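Structure record follows, encoded as structure tokens.
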Amino acid sequence: MTDDPAYKALENLGAAPLWRFYGNLFPAEPKSRAVPYRWSWQNLRPQLLHFSQTLSLEEAERRVLMLVNPGLTDPPATVNTLYAGLQIILPGETAQAHRHTSNAFRFILEGSGAWTTVNGERVFMAPGDLLLTPGWHWHDHTHEGTDPMIWLDALDYPLINALEAGFYEKYPQRLQPVTRPDDAGSRQFLHGRLTPTWLAPEGPNSPITRYTWAETQRALDAIADSAEGSAVDGIVLEYTNPWTGGPVMPTIGCRVQRLRPGFDGAGHQQTTSQIFSVVRGAGATIVDGVRLDWSQHDTFAIPGWASYRHVNTSGSDDAVLFSYNDEPVMRSLGLYRGQSADPGA
Ligand code: 1HN
């Protein structure tokens, strides 16, 4: 009885009839508001260069283009739990020190001669490097190279804000003092099975501040054709926290994968959301019937529980993808599910 005036009365009493909401609150399976999407490097890079000429880092704390999923515009996010953006900093510029409870990392796309200082440690950047900025760590950026420096920024703020656990603070000076040896975290820990015995974990994050592309490439090269890898993902490696063997931060997992020439992946779906950055090569990922064609430095998003498969469209060259996901959250809450699935198309 839709015209029962009792429904109207409920609205003023802060109450609602569950039977009218049941289907939306308890769907048979998840349906993300995020859509499959690809952000074009070729189209966005000129926009970054434009704003680097028209907007100073005094006017903007960070010069970043957010990669906004068309299904997640308010508040803006890239997938349900995670954010991606493209940041540019010019030679001679610095970016104000601050900290936030959101975990973050940078994946370097272009340039050299810049560093980020993280809790007193200068961490240097080169293309393909992964630099961690775990939650509540002070961080500022400095660029003393000769060409623009561009990187992918990743944060978990959509999740942290949904949990209403977001705090932010500006450092009282523009830059924090350097109090630790340069690249200390990666120099002490980035050696696989050799861990410093005099140190102990300080919180839930990996102590490796920088996973260099040189090391990542070495791992991919060493595996070469010794393994088939996964039918879904090819040769896929997880960046790990040496203290735990688990993901690099409590909310974000990071991976790199090589799709051999002609790779035609099996279809899959899982509750985790994923964001990819194309390191090299060209291919396509089919997501819920939508074909996302990608090439170097493009970014693309696969929403949670969407069905997808990866294809390397080259018959001669490898494709290499960097990606990050919310799998640590799903697993720690007992919400991870994954299964074979056909994305169609
Ligand atoms: C942030 O702190 C940075 O430190 C980049 O470079 C992008 C996007 C949203 C919120 C904080 C940075 C960000 C961010």
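All values reported here derive from a predicted model rather than from experimental measurement. Ligands are counted one by one from 1 in listed order, and the atoms in each one are counted from 1 as well.
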Task: Within 45° cone and under 6.0 Å: Arg122 NZ/CZ vs Trp115 ring - done: yes
Open item on the list: On the six-membered ring of Tyr7, is Arg20 placed so that its NZ or CZ lies under 6.0 angstrom from the centre and within 45° of the ring axis?
Closed with: yes
TODO: For the residue pair Asp326 and Leu159, establish whether any side-chain heavy-atom pair is separated by less than 4.5 Å.
DONE: no
Task: Heavy-atom side-chain proximity of Leu82 to Thr78 below 4.5 angstrom - done: no
Open item on the list: When you compare the side chains of Gln274 and Asn325, does any donor N or O come within less than 3.5 Å of an acceptor on the partner?
Closed with: no
Open item on the list: Geometry only, no angles: is Gln87 polar-contacting ligand 1 at N/O separations under 3.5 Å?
Closed with: yes
- [ ] Report yes or no: does Arg106 have a heavy atom closer than 4.0 Å to ligand 1?
- [x] yes
What protein heavy atom sits nearest [atom], and how far off is it?
atom	result
atom 2 (O) of ligand 1	His98 NE2, 2.6 Å
atom 5 (C) of ligand 1	Asp153 OD2, 3.3 Å
atom 12 (C) of ligand 1	Arg62 NE, 2.8 Å
atom 10 (C) of ligand 1	Leu155 CD2, 3.8 Å

Task: Leu72 versus Ala34, closest heavy-atom pair with distance - done: CD1-CB, 3.6 Å
Relative to the heavy atoms of [X], which atoms of ligand 1 are at a distance of less than 4.0 Å?
X	value
His141	4 (O), 6 (O), 12 (C)
His139	2 (O), 4 (O)
His100	1 (C), 2 (O), 11 (C)

TODO: Take Thr299 and Val278, measure what side-chain contact (heavy atoms from CB on, under 4.5 Å) needs, and give me the verdict at the end.
DONE: CA-CA 7 Å; Thr299 311; Val278 181; over 6 Å; no
